[in-house]
Amino acid sequence: MFKDNIKVLKENYPNLYLRIEDYVESKEYNLVKCRNESFTIVDSDGIYVHSRYNPEKEAQNWIEGLTVNEEDTLLIFGLGLGYYLPLLLTKYHDKKWIIVEPNISIFVRALHQHNLTEYLRSGDIVFLISLEPYVVRSVIDGFIQENKVKKVCTFKLPYYKRIYKNYIDEVQVQLSKQALLSRGNLITEKVSAPKWLYNTIRNLRYITKHPSINSLQKKFEGVPIVIVSAGPSLEKNMHLLNTLDDRALIIAVGSSVNILEKNGICPNIIMGIDGNEAESRIFENTHFTDPIFVYSKTIHYRALEGYEGKKLWMKLDVELPIYEELNVNTSTIKAGPSVANVALDFAFSLKPSQIFLIGQDLAYTNKKRYAKGDAHNNADHQIDDDQKAMQYLIKKDIYGKETYTRPDFITMKNWFEDYVAFHQKTNVYNCTEGGLEIKGIPNLVFNEAIELYCNNKYNIKEMCLEATSGPLEMKELQYEQFQEKASSQLNEAYDKSQARLEMVKELLDDYKSGNFQIKFIEIEEVTKEIESLEIYMVFIHPTGRRYLDSITTSTHNKLEDIECNYEKRRVLLKGLIKQYVYIHESIFISREAFAEREVNFK
């Protein structure tokens with residue numbers, strides 16, 4: 001039995017198989033014979049995982065008590081010895097299952113006790129064994145992003161509901177976090193993706209003028225790094241930054257750039273990623289020239305035009321696949337909901353001794369969003385009673401006092417917490433001295449952090465200067481050739497896209513036509529021609545992909561409930577028009593960006 005199971009496990013779950021190979025048998029769980037000659041498991045506290053009398057009957061009663069409505073996926077906490085599996089297969093053979101077993105010892109007992117090969121082979125069943133809650137969440141989110149999972153209903157075996165309550169609660173908290181993040185990402189992508197596209201293309205020419213952050217690699221290993229954000233608590237300790245000359249690398253993000261300048265503090269690096277025009281004013285308004293401006297191609301193009309100092313570019317993991325097209329090989333930085341999140345991964349990539357966060361309130365400390373001196377002039381922003389009820393959340397700060405925050409701040413906080421959970425031993429300290437707690441990042445008074453960890457001297461300014469003198473990733477002639485090809489193909493794509501839109505709209509006006517199939521095939525042929533263009537796959541296909549996929553999913557869900565063929569045609573065409581309009585706008589934006597013409601974003 002065990003040999004058969006382990007053979008299939010090796011084929012379908014190779015990483016889990018290796019963990020089982022290294023497994024040392026535990027006395028925490030033991031097999032015990034039941035009254036009906038079956039087996040159950042008893043834990044070290046004498047609590048039984050299954051009935052001591054008839055575990056099969058217990059499993060049957062549990063299955064009969066389950067109610068599944070429109071959900072396509074069952075998330076089940078607990079496997080035990082797997083008594084419910086054949087019953088579940090009979091009742092819900094048309095559903096997908098995700099089985100979360102928190103304890104590997106129980107799973108090993110199940111492998112010895114029952115034949116699980118059918119379930120381990122199934123493409124509709126996933127076993128997640130003894131994984132941290134954030135990993136479970138990450139796996140499930142991956143299924144959702146790949147459209148393998150749509151709606152999930154959750155069930156818990158009685159033993160697990162009692163013994164693993166905290167674990168299950170944490171998984172569900174993680175899933176709620178991810179749902180909030182995914183909703184935010186979808187909305188952000190729909191609105192912001194066209195701006196990211198435009199700015200990326202406008203800024204692409206700088207690949208021949210500025211080195212990448214590869215030039216910084218190995219220069220700051222073992223050096224402490226301070227990431228400065230613009231939260232109101234920055235006023236408490238930013239004066240200490242002037243004591244860190246050549247003792248730590250100072251990175252200022254967002255509005256903290258202007259705040260530090262007004263207080264006579266010059267960071268070593270300033271960072272920007274935001275594509276909104278308002279954000280460009282941070283860098284247009286600064287008189288700094290000494291700091292290196294580290295940016296992603298998504299930043300508003302005027303920010304680069306307005307800053308007169310040295311610059312290095314970085315590639316975010318959510319950017320367009322353009323670097324592969326250009327044969328440019330550079331390191332990738334993890335994207336996040338704010339530039340402060342991105343700065344943490346950037347700092348981590350430099351392999352510092354410690355990372356300190358200051359000004360990272362993630363809340364309206366003293367009812368203020370920013371420290372004094374920010375570029376947005378919101379330092380004294382007051383929250384009135386209507387806003388409290390409609391826009392803000394009340395949370396406890398690190399001192400246990402109530403403070404106001406917002407969903408986008410919570411998303412940033414969740415990102416930080418996930419990051420340090422995945423990257424253990426990051427040596428990150430929250431020296432903000434105010435705002436929300438970031439789980440996994442210990443709080444430390446900034447002055448104490450400096451005394452403990454910033455005792456060595458480094459020639460940081462010289463190291464920064466060397467980095468900006470690094471090699472360029474592409475020559476001017478190469479880029480000009482690429483630009484010429486891209487512009488030509490985008491013009492072709494625009495004409496074909498315009499024709500496709502007109503064809504779909506005409507067919508929608510006459511969706512009961514007897515020639516519907518012929519006309520629909522003609523539309524599909526034009527689509528193939530557009531999508532065969534090399535530049536389409538680089539710039540257009542990735543733009544707003546989640547938003548476009550959500551339209552496809554929504555359309556398919558509607559079609560499943562419609563019986564009339566004519567009505568199905570109408571709904572299908574309306575969904576296509578929604579997608580094709582967005583794609584057409586993306587093609588237009590790309591064409592204008594290469595021509596360096598202004599685009600009015602609504």
Side-chain angles (χ1 to χ4, degrees), residues 184 226-242 250-265 267 270-274 276-286 288 336-344 356-417 429-438 441 443-447 449:
V226 182
I227 299 174
V228 185
S229 298
S233 292
L234 180 59
E235 295 174 18
K236 296 179 181 180
N237 52 28
M238 67 175 159
H239 63 282
L240 296 172
L241 293 171
N242 274 333
I250 300 172
I251 300 174
V253 302
S255 293
S256 72
V257 174
N258 305 124
I259 295 169
L260 294 187
E261 183 176 21
K262 289 178 182 178
N263 285 274
I265 302 166
I270 58 179
M271 287 189 70
I273 62 171
D274 198 316
N276 290 313
E277 186 174 359
E279 198 73 7
S280 68
R281 288 195 285 272
I282 293 172
F283 305 98
E284 288 179 309
N285 293 341
T286 182
F288 278 146
S338 82
V339 64
N341 296 126
V342 173
L344 180 59
F356 308 112
L357 309 179
I358 66 173
Q360 193 56 250
D361 289 70
L362 301 170
Y364 285 78
T365 302
N366 299 323
K367 296 185 178 181
K368 296 187 336 185
R369 179 173 180 177
Y370 299 106
K372 292 179 181 178
D374 73 290
H376 305 296
N377 297 315
N378 288 326
D380 297 318
H381 179 75
Q382 298 293 314
I383 304 172
D384 62 36
D385 289 336
D386 290 337
Q387 289 174 320
K388 288 178 187 177
M390 295 175 62
Q391 301 176 20
Y392 297 92
L393 307 169
I394 298 176
K395 299 288 183 181
K396 293 288 182 68
D397 66 13
I398 61 171
Y399 304 114
K401 296 181 180 179
E402 289 188 345
T403 186
Y404 286 97
T405 184
R406 299 191 324 193
D408 56 333
F409 287 163
I410 298 300
T411 301
M412 293 163 59
K413 167 180 150 68
N414 291 343
W415 190 98
F416 279 126
E417 293 176 348
Y429 297 90
N430 188 357
C431 301
T432 297
E433 300 178 42
L436 301 186
E437 178 186 13
I438 303 174
I441 302 182
N443 295 308
L444 184 62
V445 174
F446 191 39
N447 192 40

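The first residue in the sequence is number 1, and the count goes up from there.
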**Request:** Run the numbers on Leu260 and Val228 for side-chain contact (heavy atoms from CB on, under 4.5 Å), then give the verdict.
**Result:** CA-CA 9 Å; Leu260 294 187; Val228 185; 4.2 Å; yes
**Evaluation steps, side-chain contact (heavy atoms from CB on, under 4.5 Å), between Leu241 and Val226** = CA-CA 9 Å; Leu241 293 171; Val226 182; 4.0 Å; yes
**Item:** Check against side-chain contact (heavy atoms from CB on, under 4.5 Å), Ser233 and Glu433
**Value:** CA-CA 7 Å; Ser233 292; Glu433 300 178 42; 5.6 Å; no
**Message:** If you apply the rule side-chain contact (heavy atoms from CB on, under 4.5 Å), what do you find for Leu436 with Thr403, and how did you get there?
**Reply:** CA-CA 8 Å; Leu436 301 186; Thr403 186; 3.8 Å; yes
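Summarising the geometry of Ile438 relative to Phe416, their closest heavy-atom pair is CG2-CB, 3.6 Å, with the distance given to 0.1 Å. Residues Ala340 and Gln360 come closest through the heavy atom pair CB-NE2, 3.2 Å. The nearest pair of heavy atoms linking Phe283 to Val257 is CE2-CG2, 4.4 Å. For the pair Glu437 and Lys413, the tightest heavy-atom approach, listed with the atom from each and the gap, is O-NZ, 2.7 Å. Listed here is the closest heavy atom pair of Tyr429 and Leu444: CD2-CD2, 4.0 Å. Of all heavy-atom pairs spanning Ala343 and Met271, the tightest one is CB-SD, 3.7 Å.
Put simply, CD1 on Ile227 and CG on Leu344 are 5.0 Å apart, with the number rounded to the nearest 0.5 Å. Taking NZ of Lys236 as the start and CD1 of Ile358 as the end, the distance is 12.0 Å to the nearest 0.5 Å. Atom NZ of Lys262 and atom CE of Met238 lie 11.0 Å apart (nearest 0.5 Å). Taking CG from Asn430 and CD1 from Ile441, the interatomic distance works out to 6.5 Å, rounded to the nearest 0.5 Å. Rounding to the nearest 0.5 Å places CD of Glu402 at 7.5 Å from OH of Tyr404. From Glu261, atom CD reaches atom CD1 of Ile270 across 9.0 Å, with rounding to the nearest 0.5 Å.
Checked by atom type and distance alone, the side chain of Asp397 pairs as donor or acceptor with a backbone atom of Gly400 at under 3.5 Å. Without hydrogens or angle criteria, Thr405 side chain to Leu362 main chain gives a donor-acceptor distance under 3.5 Å. Remark: the backbone N or O of Gly435 is not paired with any side-chain donor or acceptor of Tyr399 at under 3.5 angstrom. The backbone N or O of Lys372 lies less than 3.5 Å from a partner atom in the side chain of Glu235, making a donor-acceptor pair. The closest donor-acceptor contact from the side chain of Thr411 to the backbone of Pro407 lies under 3.5 Å. Checking side-chain atoms of Asn258 against main-chain N and O of Asn285 turns up no donor-acceptor pair under 3.5 Å. When atom types are taken as modelled, the side chain of Ser256 and the backbone of Val253 share a donor-acceptor pair closer than 3.5 angstrom.
Aromatic ring pairs are classed by plane angle as parallel below 30°, tilted from 30° to 60° and perpendicular above 60°; the pair Tyr364 and Phe409 is tilted.
A donor and an acceptor atom, one from each side chain of Asn341 and Ser338, are located under 3.5 Å apart.
A side-chain contact (heavy atoms from CB on, under 4.5 Å) with Leu234 is found for one member of Ile259, Asp361, Thr432, Asn263 and no other, namely Ile259.
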